[in-house]
> 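I have a structure here, written as C-alpha cells, and I will follow up with some questions on it.
Model, not experiment: these values are computed from the prediction. Residue numbers begin at 1 in each chain, while the letters A, B, ... track the order of the sequences.
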Amino acid sequence: MSVTTGGMEKPKVSPLYDPRIRSIAYQVLLCAIIVFLIYSAISNAAENLQKARIASGFGFWENTAGFDISQSLIEYSTASSYGRAFWVGLLNTLLVAAIGIVLATILGFIVGIMRLSKNFVVSRVASGYVELIRNLPLLLQLLFWYNAVLKALPEMRDSINLPWGSFLNNRGLFFPQPVGQPGFNAVWIALLIGLIGSIAFRYWAKKRQEQTGQQAPVFLVSLALIAGLPLVVFLAMGSPLQFVFPERGRFNIRGGVEILPEFVALLFGLVIYTASFIAEVVRAGILAVSNGQTEASYSLGMRPGPTLRLVVVPQAMRVIIPPLTSQYLNLTKNSSLAVAIGYPDLVQIFTGTVLNQTGQAVEVVAITMAVYLSISITTSLFMNWYNSRIALVER
Amino acid sequence: MKRLLSLAFAAAVGLTASAASAQTLNTVKQRGVLNCGSNGSLAGFGLPDAQGNWTGLDVDFCRAVAAAIFNDASKVKFVPLTAKDRFTALQSGEVDVLARNTTWTSSRDTSLGLNFGPVNYYDGQGFLVRKSLKVNSALELNDAAVCVQQGTTTELNLADYFRANKMKLKTVTFAAADETVKAYDAGRCDAFTTDASGLYAERLRLANPADHIVLPEIISKEPLGPVVRHGDDQWFDIVKWTHYAMINAEELGITKANVDDMKKSDNPDIKRLLGTEGKHGEALGLSNDWAYQIVKLVGNYSDIFEKNVGMASPLKIARGQNALWTKGGLQYAPPVR
C-alpha cells in the first residue's frame, strides 16, 4: 500500500512477520536449494563416472568417427571427426525442420481456410483430413510413409525415367545437379539487386498509395526485378551453367542430386501431421475476428479477396502467431523421430551412433539437449519479434 | 520411447549414487531375480516367442548365471535392449549383466567402465546379398547401398572395409535390427551386414530366404561375450566362471542328461567341478554345487550351442571356431582347482 490515508502511521511489525521480508527470504531459500541440487547432481555424476572409470570430458570431439552417414550437406567421410558428424546431423535436422515449417505452414493455411469454406465438399474434406491426421500418433505415420514410399517405388534396375535425365526408384529421387561455371556469380548479384530493388519499389508504392491513393503494379514490377533481371544477366553471360546428370552404376546411381526416401518420408510425415494442427490454429484465428469486420469491409465496397487479405488475416494473425510458434517448435522437436526410419538427423547420428561408440552418455545427451533448446529458443524469439511487429497498433 | 529410456539411463548414471558399487551379488539375491540385458530380436541368441518364452545362446547364459545363484534357472528377467542403448543400461544398473551378442573391443573394455567376460561365441562380420545381383565377393560391392544397425562394431567395420579397399559406400543406418532387415528386404539396400551368425538368423525372416546368399568374406573378428560393470570383482568372477563351468563340463563329458550319474564319478576334476569335493563354490560366494546346478538346469556349452544355433536349431551353424580347444576350436576354460 503506497497510498497512506489520513496520516495513519504504519504499525511497527517484527521482520519475522513482514510479508516483504518473508517473501524475499523464501525466494532466496528456494534459489539456494535449486543451486544446491544442481551442484550435487553434477558433482555426484562426475564422481560416479570417475569411480566407474567411464571416460568423461569432451576429448572425443576431435577423434575419428569411422562411420558413414547417408546424407550430409557438408564434406564428410569416415575419416572425419565426431565433431564433424555432429555438424552433419545438426544441418540435416535444420534442413528437414526448415523445409517442413515452410510446407506445413502453406498446407496448414490452405486446409484451415478450406475448413471455413461454404462449399460442403471442400469443408468436409478439410475437416476429415484434420480429424484423421491429428488423432494418429506421428511415429505410426512416419513408419507408414516410409513403408509406403519404399514399397510403392520400383527397384533400381526398373527406375522410373523422368524428364531431364532424372530417375525415381526406391533408393530415392535423382536429378541433374546444376554446377555454376565462371561468371555465374553475376547471376547471384543480379538476384540480390532484384530483391533489394523490389523491396524499395514496394516501399515507394506503399508511400505513394498512402499519399495519393494511386496503386502501382507491385507484383509485376517485383517479378520483373526478381526473376527477369537475373534471367537477362544469365543469358547475357552466355548461360554459364552446366548440369551433372545422374548415371546408373552397377548398384546405385552416381552423380547428380539425390533425395533420400528417408528424407521424403520424414518430411511428408512431419508436414502432414503438423499442418493438421496449423489448420486448426488458422481456423480458430479467423473465427476470432468478429464478423462485423468483414461486413464493414464489404460495406466499404471491398471484394472478398482483399477483405480476407487486408482486413481479416492481419487481425487473425495476432491470434494465430503464438500457437503457430509452438507448432513450429513441435515440428522441429518431432524431427528427432527420424531415428525410426533411418534419416540421419542429430539424434540418430549424435545420441545414436556417437553416444554408443564413445559411451559418453552424459556429455552427448547434454550437448543434444542444449542444441534443441537453442533451436527452440531462437525460433520463439523470432516469432515473438514477428508477433510484436504485427500486434494491433492502436492509434 | 527408446530415446526417452536412454535419456533416463543417462540421467540415472549421473544422479543415482553408487550404482556401480561392489554389491551386485547381494542386490541380485535380495531382488530374487537376475536382470539380464538381452537381444530381443535375434534368433539363436535372444528372442522371445509369442508366449514370452525366451530362447537363445545368450539367454541360456543368463539362465546359467541364475541357476548358479538361485538354483533356479527361471529367476531371470530379460530386458530387451537395442544395440545403441545396451551399454547405458548396464552402466546405470538397469541390468546386472549384459549378454547381448556384444563384441569385445579395447575401447568398450576401457573407456565405458565395463568388463568383458569370456567369449561365448566367436563370430565375424559378413554380408548378405540378393542372388539376382550376381555378386560373388564383398570386394565387388563398390558403390553399393548397405543396410546396417546403429551403435554396433559392424557399422565401423563396414566403413573401414570399404575405406581399406578404396570402395564407395552408401550406408543406411537404423536403430533397431527389425527395421534394418525390413529395409533390406524392401530393396532399400543391396546388402545387409552384421555378424555372420546374425546373417543366418535374419535370412530366415526374409520374405524369400532362398533368394539371398551370404558372401564368403568375413571382414572382422567379433568375439561376443557377456559384459559387467567395473568395480565388482566378485560379480565379474561369477559371470566368468559360469561360462567356464559350461566349457569344463563339456570337456569332462558332463551333459544335462548325465549330470546326476556323473556326480557319482571318481574323477577328481569332475568331483571338484560338481562340488562333491572342495569348496570352490563358496569362494565365489555361491553354493558348492553351483556348477552342478548350471549343467543340471541349463546344460553344458555343447547342449546350449546345439539347441540354439547348432544342428538342432533352424540356424544349423557348425561349431567351427567355437569347438573346444581339444577339437581344434578356441573354447578353452581354466581348470577348477
> I need the residue from B/Thr105, B/Thr110, B/Leu114, B/Val135 with the largest number of non-hydrogen atom pairs under 4.5 Å to chain A.
B/Val135
> Can you tell me which of B/Leu158, B/Asp160, B/Val172, B/Leu133 forms the most heavy-atom pairs within a distance under 4.5 Å of chain A?
B/Leu133
> Do A/Asn170 and B/Arg188 make a side-chain contact, defined as non-hydrogen atoms from C-beta onward lying under 4.5 Å apart?
no
> Take atom CH2 of A/Trp87 as the centre, draw a 6.0 Å sphere, and report whether it contains more than 12 heavy atoms from other residues, nucleotides or ligands.
no
> Name the region of A/Ile341, side chain, backbone, both or neither, that has any atom closer than 4.5 Å to a heavy atom of chain B.
backbone
> Is A/Ala65 in contact with chain B via its backbone, its side chain, both, or neither, using a 4.5 Å heavy-atom distance?
backbone
> Check each atom of B/Cys147 against the heavy atoms of chain A and say whether the ones under 4.5 Å are side chain, backbone, both or neither.
neither
> Let me know if A/Thr358 has heavy atoms under 4.5 Å from chain B in its side chain, its backbone, both or neither.
backbone
> Mind ranking A/Gly172, A/Pro344, A/Ala79 by heavy-atom pairs under 4.5 Å with chain B and telling me who comes out on top?
A/Ala79
> Taking the side chain as everything from C-beta on, heavy atoms only, tell me whether B/Lys182 gets closer than 4.5 Å to A/Tyr146.
no
> Quick one: do B/Lys84 and A/Leu355 satisfy side-chain contact (heavy atoms from CB on, under 4.5 Å)? Show the steps, please.
CA-CA 8 Å; B/Lys84 92 186 193 5; A/Leu355 188 159; over 6 Å; no
> Is B/Thr153 in contact with chain A via its backbone, its side chain, both, or neither, using a 4.5 Å heavy-atom distance?
neither
> Thinking salt bridges, do B/Lys170 and A/Glu258 make one under a 4.0 Å N-O criterion?
yes
> For residues B/Gln150 and A/Asn356, determine if any side-chain heavy atom of one lies less than 4.5 Å from a side-chain heavy atom of the other.
no
> Please test A/Gln357 against B/Leu156 for side-chain contact (heavy atoms from CB on, under 4.5 Å), starting from the C-alpha separation and ending with a verdict.
CA-CA 9 Å; A/Gln357 306 293 7; B/Leu156 302 179; 3.3 Å; yes
> Heavy-atom distances under 4.5 Å only: say whether B/Thr154 touches chain A with side chain, backbone, both or neither.
neither
> Against chain B, label A/Gln71 side chain, backbone, both or neither, depending on which of its atoms sit under 4.5 Å from a heavy atom there.
neither
> Going by an N to O cut-off under 4.0 Å, is there a salt bridge joining A/Arg171 and B/Asp190?
yes
> With rounding to the nearest 0.5 angstrom, report the CG to OG distance, A/Asn63 to B/Ser107.
10.0 Å
> Minimum heavy-atom separation for B/Ala159 to A/Gly66, with atom names?
CB-O, 3.1 Å
> If you count heavy-atom pairs under 4.5 Å between each of B/Ala186, B/Ala144, B/Ala145 and chain A, which one has the most?
B/Ala144
> Which atoms of A/Leu139 come close to chain B, meaning under 4.5 Å heavy atom to heavy atom: side chain ones, backbone ones, both, or neither?
neither
> So does B/Phe236 have more than 12 non-hydrogen atoms from other groups sitting under 6.0 Å from CZ?
yes
> Any idea which heavy atoms bring B/Leu169 and A/Asp68 closest together, and the distance?
O-OD2, 3.7 Å
